[in-house]
Amino acid sequence: MILRTEIADILRDPEIGAEITVMGWVRAFRSNRFIALNDGSGAQNFQVVVPDKYQEDPALEPVFRKIGFHACIKATGKLVESQGAGQTVELQADTIEILGENKLDVYPLQPKKQTMEFLRENAHFRMRTATFSSVFRIRHAVAYAIHKYYNDRGFYYMHSPIITGSDAEGAGEMFRVTTLDVNNPPRTPDGAVNWKEDFFGKSTNLTVSGQLQGEIAALAIGKVYTFGPTFRAENSNTSRHLAEFWMIEPEVAFFDIENNMNLAEDFVKFLINHVLDNYPDDLQLLDQRIKDEEKSLPQDKRRPMGLIEMLRFVVENDFARVSYTEAVNILRSSNHFKKGKFEFEPVWGSDLQAEHERFLVEKEFKRPVIVRNYPKSIKAFYMRENEPGTDGAPELTVAAMDVLFPYIGEVIGGSQREERHERLVARIHEMGIPEEELWWYLQLRQFGGAPHAGFGLGFERMVQFITGMGNIRDVIPFPRTPKNAEF
RNA sequence: GCCUCAAUAGCUCAGCUGGUUAGAGCGGCGGACUGUUAAUCCGUAGGUCCAAGGUUCAAGUCCUUGUUGAGGCGCCA
């Protein structure tokens with residue numbers, strides 16, 4: 001059995017004079033004497049002092065030569081107070097053992113700043129860097145906090161299917177799932193691919209959302225949430241989109257749009273607080289990373305607040321809440337618009353452009369913003385129709401809501417669902433969706449339906465916001481994007 | 001999908017209006033160094049200039065197409 005002490009435990013409660021064994025990867029080896037060791041248990045490195053005998057004794061010299069960047073070592077010795085300035089304690093090693101040699105002449109990474117693009121191409125090694133170990137520790141923390149939040153409030157974790165037979169979810173292009181031979185699929189007499197011969201006896205896809213199935217559960221056990229992978233075959237080339245991402249979708253019976261907004265705000269703040277309270281070292285490191293990176297930028301291109309300062313600001317202040325109609329009025333009466341600074345004119349009936357959302361969040365309210373009650377014409381079929389004239393809107397609206405964040409834009413999209421059977425049927429027909437695809441969804445409204453609401457939170461976008469990473473591909477271990485499925 | 005930009009050593013980049021043998025820093029390798037914090041100092045090796053065509057006496061440099069990457073937009077979470 002392997003016995004070792006984790007670095008985080010040593011640093012949390014150092015027992016001077018104790019005999020300990022540590023194992024980890026060398027982050028730096030300086031002066032042929034000082035190893036900065038990290039075992040992943042925390043953001044801070046631990047200094048191991050290599051005794052002189054490893055250089056002087058010919059029997060030990062081969063070990064000495066293998067101590068290098070990202071080599072894996074085991075060190076045993078006595079924990080002492082450090083004489084150097086950078087750390088309070090260190091290991092005065094007695095024996096050093098190489099667990100995994102690193103062939104530095106061909107190893108791609110270097111102990112220096114490297115570009116995110118390069119590290120992405122080396123995703124099998126990038127987690128060994130300070131930045132990525134912090135990012136992925138925080139990713140874990142957010143995932144844990146999601147389950148804790150809902151469990152503590154009586155929600156049930158619901159597993160929605162990853163393979164779906166419904167293509168009426170309406171959230172985007174889908175990836176097909178098939179076992180048919182793509183070069184020679186079975187055909188019907190008229191020449192079309194015969195999906196009846198496919199594995200499931202019908203055409204199937206990877207899910208784009210667990211919402212519809214979430215509604216089934218909410219209308220039986222009340223408060224549920226899903227948290228799983230989601231797939232969109234959109235050719236989206238941005239720093240905020242992935243083809244495979246994780247989504248959290250709470251769905252709650254006896255909830256209206258107001259309940260929904262309150263839940264969304266409280267939930268998101270809980271996640272941020274959890275990380276602030278439990279991962280200060282990782283946040284500190286990421287905060288510093290951004291400050292260093294921004295040193296070369298002009299003042300007006302830098303973030304107005306540091307990362308930690310911004311996270312605190314978000315949890316300590318109420319989110320701004322406006323109706324879509326108000327939002328359009330605000331945009332149209334802004335000096336920004338009057339001076340012609342918007343590329344797209346804000347008009348009632350068109351979706352808000354990214355520049356409009358940024359204006360509301362960064363200039364007008366300077367905090368997260370929840371926009372509600374969007375035009376019916378631009379939103380999904382399942383959203384509940386509002387009474388005519390709600391918020392003074394010129395046309396019909398639906399009880400939809402988007403939560404907009406600085407830097408990353410839309411982090412949550414949700415709605416109160418249309419629970420009135422006849423309206424839902426009418427809407428489905430209006431949008432040309434085949435009714436038989438949604439037979440079960442419609443039956444929920446005929447047999448003991450209830451008012452209910454829910455939303456989807458983009459997990460990676462949340463992690464992106466909390467870590468301050470500029471590209472969503474750097475907060476998921478193995479990003480799936482157009483033209484890229486390496487690792 | 002659209003627009004813009006980029007691709008030169010392991011990495012980050014320089015390489016002028018086309019002109020001899022392709023440049024630096026970092027990293028690697030070899031050496032020095034008894035308290036370093038991106039350690040420092042000396043030495044050294046390292047190149048299919050993304051690919052395929054084309055223009056030209058001559059292409060890393062110009063043109064075309066493709067591939068990949070980045071930023072922005074759209075789609076959304």
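Convention: sequence-line order gives letters A, B, ...; per-chain numbering from 1.
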Answer yes or no for A:R153 and A:F270: cation-pi contact, defined as NZ/CZ to six-membered ring centre under 6.0 Å and angle to ring axis within 45°. yes

Which part of the nucleic acid does A:R473 contact within heavy-atom distance under 4.0 Å: base, sugar-phosphate only, or nothing? sugar-phosphate

Where the side chain of A:L242 is concerned, which of B:G35, B:A77, B:C75 is the nearest nucleotide? B:A77

Just compare B:G27, B:G35, B:C75 and give me whichever is closest to any side-chain atom of A:F34. B:G35

Nearest-Å distance once atom C1' is located in both B:G23 and B:U8: 10 Å

Heavy atoms, side chains only, cut-off 4.5 Å: are A:H241 and A:I472 in contact? no

So what does A:G84 hit on the nucleic acid, given a heavy-atom distance under 4.0 Å: a base, only sugar-phosphate, or nothing? base

Please report the distance separating the C1' of B:U17 from the corresponding atom of B:U56, rounded so that it comes out in whole Å. 16 Å

What's the closest nucleotide to the A:K483 side chain, out of B:C76, B:G69, B:U37? B:G69

How far does the C1' atom of B:A59 sit from the matching atom of B:C75, given to the nearest Å? 42 Å

For B:U37, take OP1 and OP2 only and decide whether either is under 4.0 Å from a side-chain N or O of A:R33. no

Could you check whether A:E90 gets within reach of a base, just the sugar-phosphate, or nothing at all, counting any heavy atom under 4.0 Å? base

Closest to the A:E410 side chain, choosing from B:U12, B:G35, B:C76: B:C76

Under 3.5 Å donor-acceptor pair, A:Q83 side-chain atoms to B:G35 base atoms: yes

Presence of donor-acceptor pair under 3.5 Å, side chain of A:E234 and base of B:G74: no

Identify which nucleotide among B:G74, B:G10, B:G35 has an atom closest to any side-chain atom of A:Q110, counting heavy atoms from C-beta outward. B:G10

From B:C11, B:C73, B:G71, pick the nucleotide closest to the side chain of A:A354? B:C73

Between B:C76, B:U12, B:U36, which one does the side chain of A:D351 approach most closely? B:C76

Rounding to an integer number of angstrom, what distance separates B:U48 and B:G60 when you compare their P atoms? 14 Å

So, under a plain 3.5 Å distance rule, would you say the side chain of A:S236 forms a donor-acceptor pair with the base of B:C76? no

So A:V314 and A:R367, do their side chains get closer than 4.5 Å, heavy atoms only? no

Determine whether the aromatic ring of A:F245 stacks with the base of B:A77, defined as ring centroids separated by less than 5.5 Å and ring planes inclined by less than 30°. yes

At 4.0 Å (heavy atoms only), tell me whether A:A36 reaches a base, stays on the sugar-phosphate, or touches nothing. nothing

Ignoring backbone atoms, test whether A:Q353 places a side-chain nitrogen or oxygen under 4.0 Å from the OP1 or OP2 oxygen of B:G74. yes

Min side-chain heavy-atom separation A:F227-A:Y150 under 4.5 Å: no

Can a side chain N or O of A:R358 be found less than 4.0 Å away from OP1 or OP2 on B:C73? yes

Measure the distance from CD on A:Q464 to C1' on B:C76 and round it to the nearest whole Å. 14 Å

So, OP1 or OP2 of B:G71: does either fall under 4.0 Å of a side-chain N or O from A:N471? yes

Report the residue from A:K223, A:R384, A:R417, A:E215 that forms a side chain to side chain donor-acceptor pair (under 3.5 Å) with A:H452. A:E215

Separation of the P atoms in B:A52 and B:G30, to the nearest angstrom: 36 Å

What's the closest nucleotide to the side chain of A:S31 if the choices are B:A39, B:G74, B:G10? B:A39

Within the structure, does a side-chain N or O atom of A:R120 lie under 4.0 Å from either OP1 or OP2 of B:A70? yes

Taking only N and O in the side chain of A:R30, is any of them less than 4.0 Å away from OP1 or OP2 of B:U36? no

Taking the side chain of A:E117 as its heavy atoms from C-beta onward, which of B:A77, B:G25, B:A70 lies nearest to it? B:A70

Among B:C76, B:C26, B:G28, the one nearest A:L104 by side-chain distance: B:G28

Whether the side chain of A:E56 and the base of B:U34 hold a donor-acceptor pair under 3.5 Å is what I'd like checked. no

Between A:R302 (side chain only) and A:K295 (backbone N and O only), is there a donor and an acceptor less than 3.5 Å apart? yes

Between B:C26 and B:A7, how many Å separate the two P atoms, rounded to a whole number? 23 Å

What about A:E343: does its side chain form a donor-acceptor pair under 3.5 Å with the base of B:G72? no

Where the side chain of A:D256 meets the backbone of A:N259, is there a donor-acceptor pair that is under 3.5 Å apart? yes

Can you tell me, in whole Å, how much space there is between the C1' of B:A24 and that of B:U44? 16 Å

Within 45 degrees of the ring normal and closer than 6.0 Å to the centroid, is that where the cationic atom of A:R321 sits relative to A:F365? no

Does a nitrogen or oxygen in the side chain of A:R65 sit under 4.0 Å from OP1 or OP2 of B:G31? yes

Base B:U37 paired with A:Q87 side chain (donor-acceptor, <3.5 Å): yes

Could you work out the separation of B:U34 and B:U12 based on their C1' atoms and round it to a whole Å? 34 Å

